[in-house]
There are 2 protein chains.
Amino acid sequence: MTPISVLLVDDHMVVRSGLKALLGTQPDISVVAEAASGEAALLAMAEHSPSVIVMDLAMGAGIDGIETIKQVRRINSRQAILVFTTYDSDADIVRAADAGAMGYLLKDATPEEIFAAVRGAVQGKSVMSAPVASRLFQQLRNPDEVLTPREAELLSLLTEGLSNKALGQRLFISEATVKTHLAHIYAKLGVETRAAAISTAIRREGMR
Amino acid sequence: MTPISVLLVDDHMVVRSGLKALLGTQPDISVVAEAASGEAALLAMAEHSPSVIVMDLAMGAGIDGIETIKQVRRINSRQAILVFTTYDSDADIVRAADAGAMGYLLKDATPEEIFAAVRGAVQGKSVMSAPVASRLFQQLRNPDEVLTPREAELLSLLTEGLSNKALGQRLFISEATVKTHLAHIYAKLGVETRAAAISTAIRREGMR
DNA sequence: TGGTCTCTCAGCCTTTTGGCTGATGCGGCC
DNA sequence: GGCCGCATCAGCCAAAAGGCTGAGAGACCA
């Protein structure tokens, strides 16, 4: 049978090289293409039609990982996408799942975990690192504290230091709506000011 | 002549694997050991006496990269140490140099940059990524942008999300004084709001 | 079909923050 | 002794943020 074809997307040469070396040891897995940006990933996907896309969320320049996932989803709604990233922030996990990722691996995963995730992804299985699973589990117990995708998106932009007006312009919504979202975010994070929300987001949610 | 022996220190298997694959393509460079923690790095160094240590600053658990560098320095004051990390925060760069690192590379470096840095390190040359060098250079040219001790203290508390009143109470100064300090901090950081100052502090100054 | 969730928006009011100007005391430094 | 950087404080004003209430549209689900 033909090996599982993989497209690697990560802006760090070293990481791509490492993944390629690791996956190359498995006879049933073959890295057919690499991309250093979201844009390049879309091109590579069109050209190679890989079985699985392994992608980092943080891309240096251009469109980010989440947006790339969404674009891939538009082109092929059943494409298997594995997120492979450094941080297990609640917001990132929610947003990646919402965008259509099949699994969520952390970069400190063992080779075995990575192999299993790739093999699982092509079979439609959802695989994730233990810390990620644990976070999701905790969220199931406290659903009141889970940020909605839109809130998570807003919080992420908030950590860049934008004003309410700027947030509205960036998201194409009114300032009133921004304030509503912020009020909800503050309540869920248990803070009262945007400053505290930012530090909580960065510390607890791992955003940066 | 014997190849340059390298010890890799990074808590991510994938990164070690990638570095090993990249460095392995060079006949004059040989990876003789790997370590996933600061503690393991010290043991590996004692055992293998590598020419160069390539080390990440962020280690999942145990002693961090900076502390590991200091410990290595205590054992062998002339050991060549290359920092290989994701973020170019001012604080990290200064701390790494202070601890005794020879060079500072970012993970998006090209293979050629990495090779050159390893070869340079054994010859006692200081090599760093362009963004890192640019930061250091900028600090030298614009001493006006360096925070005073009091300002740094305030900025640190600011990242905890405190209000002006709370900052004043914590530092035993009036709210007016807090505002004066903040105005100076904003000017030096090149921002206009406290939210932007917080994110800049965490991102660029490495505060958290 | 009705309930719930999410996202969207508006108005009103209070508090907080930021910009500006000006001022005082203290400690180095030439 | 005078200059300068640093830390301290005040008052005034405009802008931004936050608290509150209410409400409509669309999606989803029982």
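Lettering of chains follows the sequences in order, A, B, ..., and the numbering in each one begins at 1.
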J.: Which nucleotide in the set C:dT17, C:dT8, D:dA17 lies at the smallest distance from any side-chain heavy atom of A:Lys179?
T.: D:dA17
J.: Respond yes when some side-chain nitrogen or oxygen of B:Asn164 is under 4.0 Å from OP1 or OP2 of C:dT16, and no when none is.
T.: no
J.: In Å and rounded to the nearest 0.5 Å, what is the CE to CG distance from B:Met13 to A:Leu19?
T.: 10.5 Å
J.: Could you work out which one of C:dC12, C:dT17, C:dG18 sits closest to the side chain of B:Leu182?
T.: C:dG18
J.: Nearest of D:dA10, C:dG19, D:dA17 to any side-chain atom of A:Arg194?
T.: D:dA17
J.: Can you tell me how far P of D:dG18 sits from CG of A:Leu189, to the nearest Å?
T.: 13 Å
J.: Whole Å only: how far is the CG atom of A:Leu155 from the P atom of C:dC7?
T.: 13 Å
J.: Quickly work out the B:Phe172 CZ to D:dT8 P distance and round it to whole Å.
T.: 12 Å
J.: Grab the CG-C1' distance between B:Leu154 and D:dC6 for me, whole Å please.
T.: 14 Å
J.: Hey, does A:Thr148 reach any base, or is it just sugar-phosphate, or nothing, if we go heavy atoms under 4.0 Å?
T.: sugar-phosphate
J.: Look at the side chain of A:Ala176 and decide which nucleotide, out of D:dA7, D:dA10, C:dC9, has an atom nearest to it.
T.: C:dC9
J.: Nearest to the side chain of A:Arg150 - D:dA7, C:dC9, C:dT8?
T.: C:dT8
J.: To the nearest Å, how far apart are B:Glu175 CD and D:dC9 P?
T.: 11 Å
J.: What is the distance, to the nearest angstrom, from the NE2 atom on B:His184 to the P atom on C:dT17?
T.: 18 Å
J.: Hey, what do you get for CD (B:Glu153) to CG (B:Leu155), rounding to the nearest 0.5 Å?
T.: 11.0 Å
J.: From D:dA17, C:dC7, C:dC9, pick the nucleotide closest to the side chain of A:Pro149?
T.: C:dC7
J.: Could you tell me whether A:Thr177 contacts a base, only the sugar-phosphate backbone, or nothing, with contacts defined as non-hydrogen atoms closer than 4.0 Å?
T.: base
J.: Considering only D:dT8, D:dG18, C:dG18, which nucleotide approaches the side chain of B:Thr193 most closely?
T.: C:dG18
J.: With no angle test and no hydrogens, is the base of C:dC9 tied to the side chain of A:Thr180 by a donor-acceptor pair under 3.5 Å?
T.: yes
J.: If you compare all heavy atoms of A:Ala117 against all heavy atoms of A:Leu105, which two are closest, and at what distance to 0.1 Å?
T.: CB-CD1, 3.5 Å
J.: Would you kindly give the CD-to-C1' distance between A:Glu151 and C:dT6, to the nearest whole Å?
T.: 8 Å
J.: Let me know the distance between OH of B:Tyr186 and C1' of C:dC20, rounded to the nearest Å.
T.: 15 Å
J.: Using a 6.0 Å cut-off, check whether atom CD of B:Glu192 has over 12 heavy atoms from anything other than its own residue.
T.: no
J.: Counting side-chain heavy atoms from C-beta on, which of D:dT8, C:dG18, C:dT8 comes nearest to A:His181?
T.: C:dT8
J.: Could you say whether A:Lys165 or B:Ile173 is positioned toward the 5' end of DNA chain D, judged by the nucleotide with the nearest heavy atom to each?
T.: B:Ile173
J.: Do B:Met45 and B:Asn76 have side chains that approach each other closer than 4.5 Å (heavy atoms only, starting at C-beta)?
T.: yes
J.: Report yes or no: do A:Ser5 and A:Ser51 form a side-chain donor-acceptor pair below 3.5 Å?
T.: yes
